[in-house]
Structure formats: structure tokens, C-alpha cells
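Data first, discussion second: the structure below is written as C-alpha cells.
Just so it is clear, the structure is predicted and the values come from calculations on it, not from any experiment. Proteins come first, then strands; the chains are lettered A, B, ... in the order of their sequence lines, and each starts at number 1. Values reported hereafter were calculated over all heavy atoms of this structure, with side chains retained and with hydrogens, waters and symmetry mates removed.
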Number of protein chains: 2
Amino acid sequence: MAKAARKKRPPTKKKASRPLPADISTEEKIMQAAKKLFTKKGFAATRTRDIAEEAGINLALLNYYFRSKEKLFDIVMLDNFRQFIKGVSVSLLDETASFDEKIKKIVTAYIDFITHHPDLPLFILNEIRGNPSRLVQQISAEVAPLRAHMFRQLQEAGKQGKINPIDPFHFIANLIGLTVFPFVARPLLQRVTGVSDQQFQAFMEERKELVPLWISAIMHSKK
Amino acid sequence: MAKAARKKRPPTKKKASRPLPADISTEEKIMQAAKKLFTKKGFAATRTRDIAEEAGINLALLNYYFRSKEKLFDIVMLDNFRQFIKGVSVSLLDETASFDEKIKKIVTAYIDFITHHPDLPLFILNEIRGNPSRLVQQISAEVAPLRAHMFRQLQEAGKQGKINPIDPFHFIANLIGLTVFPFVARPLLQRVTGVSDQQFQAFMEERKELVPLWISAIMHSKK
DNA sequence: TTCATTTTTAATCATTTGATTAAAAAACTT
DNA sequence: AAGTTTTTTAATCAAATGATTAAAAATGAA
């Protein structure tokens, strides 16, 4: 029997004619709650009920606005990625800075940024793994111009003989590894080295200076 | 009504009098399946049914042998940790090797090891975060002697004026960061740098030589 | 106000999932 | 072989969980 598909009321089709509620909208509340929980615990370990409670709304509202847990997650993930990339792109595209200055800016920016969003890196590393999807594809597209720019700079610096020719792969692995990895491995590192929370922060402050120095040392070390 | 608590038959209390089944026991099959899935997808995203299927046994058997998903996970996790640590400890405790040689051995050992267990590092970084539990405590205890040994070596090398005095925190963060991080961030790195699977392996082979060189350069760079 | 539309809720559904049970099958002892 | 214990299974349970529904409340337009 042809069950006339009950057309669901389209959610959140804002009447273009009138301005938004302006204040902290319900949709935004849900997004923020979802971001907080998804980022901290990952997709599978996060319950939609927890998100609803964190947002202070009814569970049905979540589905009303976002249709499904997956959809909501995709949005949060994309948002997280963009934020993560933005940190680097600003410094990277600053044409007035020298290569060394750029590195220093990137390192500082990332350390500051992750200090305020400590769960982000691991979230991204996790979710990028299980997702060969369009999401990741989209991210790649957004990163492309940045990559091109950095590669060019690397090549120029290499040609001027200032530094060793180093493959971009190694360069980026080193830069991000030295900067981001301590945050990702923080619980492990603190256990193994017996470092307190306060000390950890101090060490990361130190690294703002040290990592650029080390990167430089690496690129001037003789093969 | 006092329902006389149905005493559950104690699982897997092997009669000590007779040797084990010897071949690949059911218990072992379950362990291996659980390890594979837990390590790849984490605790929350892994279903006990999937483990049972992967092991080719009935779901009830899993609970018969291990009582609960949590218990099984704890066992797998401890096992994974030990394996991860073992890689380093062998190289580290080799008294015949010089400091530089040790570093080279550690880097090579880790790169080889993780190449064959690519999901392990991220698993550990994930599970150590949400687990301030006795599990992590136990790990710490097992790592302690290694840490002490490495610290002593670092201090000695520093006193001999061969290298800059470098805090153990920075040293370990650098060593592991440069060695392990590329694997953890592999999908991201490959996307950003446009590197193929084959090329990635080649790069990691290169790093067996390069990372020790870089570590050396870092420790000889002037403050 | 009245009416239409949007937003929110309580209640419920359907499926998934960890766990248990009772009984069958297999292994071992005598 | 008979009896005992261990191992394995099919069936089922109970709780958790993502999603939907129908109706109420709020909002804005006329």
C-alpha cells in the first residue's frame, strides 16, 4: 500500500524575510554542546542525550535542527578542522615576515591555540583516520593553497643555499611533531617525566622559543 | 523472597593438573580478535558481537571467558601498553651501546615496530586520556626503571659537556615526537603533502637515519 | 484578537547492544 | 560405557540509545 510518505517539516528553513533571533540561538546552543562533547569523547562515545542535556534542551530538538547524530557530527568536525587550520594560515600567509619569522609565528600560534583547545588535535587525528569521506576531501581542498604557498617558500629558501634541501614531508612532520605532539601525548609525557600541569605549561612556553631554534638547527645540520 | 544467588560457574579456572589445550585456544582467539578491533576502533565503537564474529565464536563465550567487555578491554589495553614499551626498553637497557647508538636503536626499533602495528600509538594516546585508572598507574610503575635509566644517561652526557643541558621533558618529547608522530598523523600528513603510501614508507625509512642526526643537531645547537 | 508558522516538549518506538540463561555438545575421568 | 566437568550454543532479556510523533507553547503577522 503506497503509504504517502509523510513529508517531514523542513527544519530550520529560516524565513529570509526576517532577521534571526539574534541572541544565542537554540541551534547555536546545540552546536556548542555537541562540539564540546564530540571533541572530548569522540563520535561513538557521545550520546545524543548528553548533548541535549549539555545544551539544556529537549532531545527531539536536536533531531529537529540537525536531522541526525551523524549530520551534527559532520558539522562539528568541519568546524573544528577549519579552526585548526586557521591558526596556521594566518601566520603562513603573512607576506611581510621572513621564513624564520613565519615559523616562529606558527609555533607560537599553535601552542597558544591548543592550550585553549586541548582536545582538538587528538580529535582531528582520530576522526581523520576513519573518514576517507567527502568531509576530509573538502578539508584537503581548503588546505591546498596553504600547502602550495609553504612549498614554494621552502624551495626558495633551499635555492638560496640558506638551508639544506629538506623534503616538505619531513619539514611539516618535524614542525607539527615538535609543536603539537607534546599536547597529544601530554598525559603520557607527564607520567613518564613526572611533570606537573603547571610545569607542562612552562615547558610549552619554552618551546615557543626552542622549537624554531631546533627547526633551524635541523635545517642547517649537515647531511 | 531471598532468591538464593545463582552462583555462576567460575570461568576458565584451568585444572592445574592437566596441560592446556595447547593449540590456539578459544580464549586466545577472543583476545586476538578483541585486540584487533579495540585497537583499531577504540572501546566505545567496538561491539562485543563484532569481536565474537571476528573470533568465530558465539557471543556468550566472550562473556563466559572474560565476564564483561570492560574486563576484556582492560586486558587488551595492558597487553598493548606492554608491547609498546618493550620496544624501547630493549634498546634502552643495552649497556654496551653509546648514547648516540642507543638513540639510533630506539628510533629504528620504534619505526619498525609501529610499521607493523600502525594503530597502536593512537590507541594508546586515546585510552590513556580517559583513564586515570589503576591501569595507567600500573603502566607508570613498569616504566619507572626505564625512565630513571634514561635520565641518568642524559645527565651524564650533559656533564661531559658533549651536549647542551636539555630537560628530559624536551628530550623525550622531541624523540617520540619526531619518531612516532608521523605515524599518528599519517593520514593528515599524506593528504597535506600529497604523499603515497609507498612514499610514506620510504620517508620513514629515511627518518631512521635522519631523526638521530636531528636529535644530535638539536642537542648541539647553541641556546 | 485571530490565525498561521515556528519552536519546543513529553511520550513512545525500534533497534542496537551488553549480558544471562538453560540446555546441548564436547572433553575428560573412572 | 557411565558419569562428571568443561566448553559452546541458541534464545532471550534488559537497558541504552537514536529517532519519531503528536500535541502544546511561543512567536509573529493580519
Would you classify Leu62(A) as touching base, sugar-phosphate or nothing, given that sugar-phosphate means primed atoms plus P, OP1 and OP2, and contacts are heavy atoms under 4.0 Å? nothing
Can you check the Phe43(B) CZ to dT17(C) C1' distance for me, whole Å? 12 Å
Output the rounded distance in Å from CD (Glu27(B)) to C1' (dT6(D)). 13 Å
Does Phe84(B) have its ring centroid less than 6.0 Å away from the ring centroid of Tyr110(B)? yes
Which nucleotide, dT9(C), dT9(D), dT7(C), lies nearest any side-chain atom of Ala60(B)? dT9(D)
Nucleotide dA23(D), atom P - distance to CG of Leu61(A) in whole Å: 18 Å
Between Asn58(B) and Thr46(A), who's closer to the 5' end of DNA chain D by nearest nucleotide? Asn58(B)
Kindly say whether the aromatic ring centers of Phe200(B) and Phe183(B) come within a distance under 6.0 Å. yes
Between atom CZ in Phe66(B) and atom P in dT7(D), what is the gap in whole Å? 12 Å
Is Thr48(B) near enough to dG18(C) that one of its side-chain N or O atoms lies under 4.0 angstrom from OP1 or OP2? yes
Test item: side-chain donor near acceptor, Gln199(B) and Ser196(B), under 3.5 Å: yes
If I take atom CZ in residue Arg49(A) and atom P in nucleotide dA11(C), what distance separates them, rounded to the nearest angstrom? 14 Å
Can you tell me the distance, in whole Å, between the CG atom of Leu72(A) and the C1' atom of dA19(D)? 14 Å
Give the rounded distance in Å between these two atoms: CZ of Arg67(A) and C1' of dT7(C). 16 Å
Can you tell whether the side chains of Glu209(A) and Lys104(A) come within less than 4.0 Å, N to carboxylate O? yes
Nearest to the side chain of Asn63(A), heavy atoms from C-beta on, is which of dG18(C), dA19(D), dT9(D)? dA19(D)
So, is Thr26(A) close to the dT8(C) phosphate, meaning a side-chain N or O under 4.0 Å from OP1 or OP2? yes
Lys/Arg-Asp/Glu bridge criterion (N-O < 4.0 Å) met for Asp197(B), Arg186(B): yes
From dA19(D), dT9(D), dA19(C), nucleotide with atom closest to Ser68(A) side chain: dA19(D)
What is the distance from CD1 of Ile57(A) to P of dT7(C), rounded to the nearest Å? 14 Å
Mark yes or no for a side-chain to base donor-acceptor pair under 3.5 Å between Arg47(A) and dG18(D), with no hydrogen or angle criteria applied. no
N or O in side chain of Tyr64(B) less than 4.0 angstrom from dT7(D) OP1/OP2: yes
